[in-house]
Amino acid sequence: MDDQTRMLTGLTGLGGLSQPDVGDPDSVRKQQSLGQPQQDIGDILQQIMAITDESLDEAQARKHALNCHRMKPALFSVLCEIKEKTVLSIRGVQEEDPPDPQIMRLDNMLLAEGVSGPEKGGGSAAAAAAAAAAGGSPTDSSIEHSDYRAKLAQIRQIYHSELEKYEQACSEFTNHVMNLLREQSRTRPISPKEIERMVAIIHRKFSSIQMQLKQSTCEAVMILRSRFLDARRKRRNFNKQATEVLNEYFYSHLSNPYPSEEAKEELAKKCGITVSQVSNWFGNKRIRYKKNIGKFQEEANLYAVKTAVDAANVSAQASQANSPATPNSGGYPAPCYTPDGRL
DNA sequence: AAGTATGATTCGAT
DNA sequence: ATCGAATCATACTT
């Protein structure tokens with residue numbers, strides 16, 4: 001034991017901070033008496049440090065020389081000793097591996113958007129779900145949808161190829177480090193636990209890179225989504241015929257301009273728009289009419305006449321009578337819409 | 001370019 | 001869930 005401690009202090013002093021001496025003449029004498037001057041060990045360590053600067057062949061040769069060095073077993077056992085002491089202090093530090101909430105959030109979002117997860121099916125399904133959730137009717141899929149899907153697929157593809165690259169790089173690097181450690185385990189003691197820890201460290205590093213990828217992918221999806229929603233927001237006026245149909249219904253039901261679900265569906269069909277568009281239209285119409293009845297008076301009269309004419313035409317057709325003049329061209333039925341007249 | 005019309009969205013109330 | 005109300009954002013008009 002006495003021997004070993006002396007050896008240990010000598011080695012650590014040299015290896016650690018290139019201190020020329022430990023101030024223990026006894027140890028020096030002992031080493032010298034062994035025919036192994038300290039300077040030699042210093043040289044060896046220097047060579048180890050310089051090994052990365054050398055060419056591969058040189059390094060191989062030196063490694064070989066080192067492995068064959070007669071002090072190697074002693075060095076190894078000393079390193080084992082040191083290890084045993086330090087491992088105890090390290091052991092407690094590495095028992096935490098909580099799943100990063102940030103990366104979980106990103107993962108969830110990517111999964112929800114159909115970027116990660118199962119192939120093609122998931123992607124289009126998620127796109128459809130997103131479109132449906134955005135308020136559109138399931139039947140008005142069109143250029144915008146396919147455009148959105150195409151862009152999403154593009155993002156998805158880039159994401160996956162990048163992810164694959166990262167994973168490949170990670171496993172390559174891990175392999176490399178493992179080989180290195182295996183190689184080094186010939187000169188110094190390396191516990192499996194240590195290797196495990198090293199691998200964990202590498203994986204952590206790579207997962208932080210992955211997180212960046214995921215983050216930027218998420219951003220891209222968000223931008224795409226907002227653009228998609230903006231595109232949906234882009235307004236196009238309904239065609240004349242559609243507005244006419246809607247107005248006809250509105251003014252002929254002025255006392256209760258709240259079409260039932262069935263009526264909405266019928267109007268939607270007639271106008272070539274969605275039910276929610278019909279709802280929007282009636283919502284807007286009601287509030288705008290109520291806000292300024294005067295402004296809509298003319299329009300109201302117009303449609304009152306129109307329906308009257310239609311009715312007249314129908315009856316005329318039925319009764320074979322032919323008088324072009326409208327029967328009630330004198331006084332229009334004043335629309336008496338009561339804002340609070342909901343039933 | 002400024003003003004108006006209009007479809008869509010959002011929010012709180014019911 | 002649906003409405004009114006306010007508001008947004010674009011289309012259309014002047």
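A quick note: this is a predicted structure, and the numbers were derived from the prediction, not measured.
- Per the geometry, CG belonging to A:N239 stands 16 Å off P belonging to C:dA11, to the nearest Å.
- Of the listed residues (A:V278, A:V245, A:N239), just one forms a side-chain contact (heavy atoms from CB on, under 4.5 Å) with A:I273, and that residue is A:V278.
- If you take CD1 of A:I287 and P of B:dT6, they are 16 Å apart, rounded to a whole angstrom.
- Protein atom CZ of A:R236 is 14 Å distant from nucleotide atom P of C:dT10, rounded to whole Å.
- The nearest whole Å value for the distance from the CD1 atom in A:I273 to the C1' atom in B:dA8 is 12 Å.
- Contact annotation for A:K285: no contact, since no heavy-atom pair falls under 4.0 Å across all strands.
- Checked by distance alone, A:R288 brings no side-chain donor or acceptor within 3.5 Å of a matching partner on the base of C:dG4.
- When rounded to the nearest whole Å, the span between CH2 of A:W281 and P of B:dT6 equals 10 Å.
- Aromatic ring centres of A:Y251 and A:F296 lie farther apart than the 6.0 Å criterion allows.
- The shortest distance between the side-chain N/O atoms of A:R286 and the OP1/OP2 oxygens of C:dG4 is below 4.0 Å.
- Separating the NZ atom of A:K264 from the P atom of C:dC3 is a distance of 4 Å, rounded to the nearest angstrom.
- Using a 4.0 Å heavy-atom distance criterion, A:N284 is classed as a base contact.
- For A:N237, counting side-chain heavy atoms from C-beta on, the closest listed nucleotide (B:dT9, B:dA5, B:dT6) is B:dT6.
- OP1 or OP2 of B:dG7 has not a single side-chain nitrogen or oxygen of A:Q277 nearer than 4.0 Å.
- Under a 3.5 Å cut-off, the side chain of A:S260 and the backbone N or O of A:A263 do form a donor-acceptor pair.
- Side chains of A:K72 and A:T187: no donor on one and acceptor on the other come within 3.5 Å.
- Counting to the nearest Å, the C1' atom of C:dC3 and the CG atom of A:N280 are 12 Å from each other.
- Heavy-atom minimum distance, A:H203 versus A:C170: CD2-SG, 3.5 Å.
- One finds a side-chain N or O of A:K291 lying less than 4.0 angstrom from the OP1 or OP2 phosphate oxygen of C:dA6.
- One can place CG of A:N292 at 14 Å from P of C:dA6, the figure rounded to the nearest angstrom.
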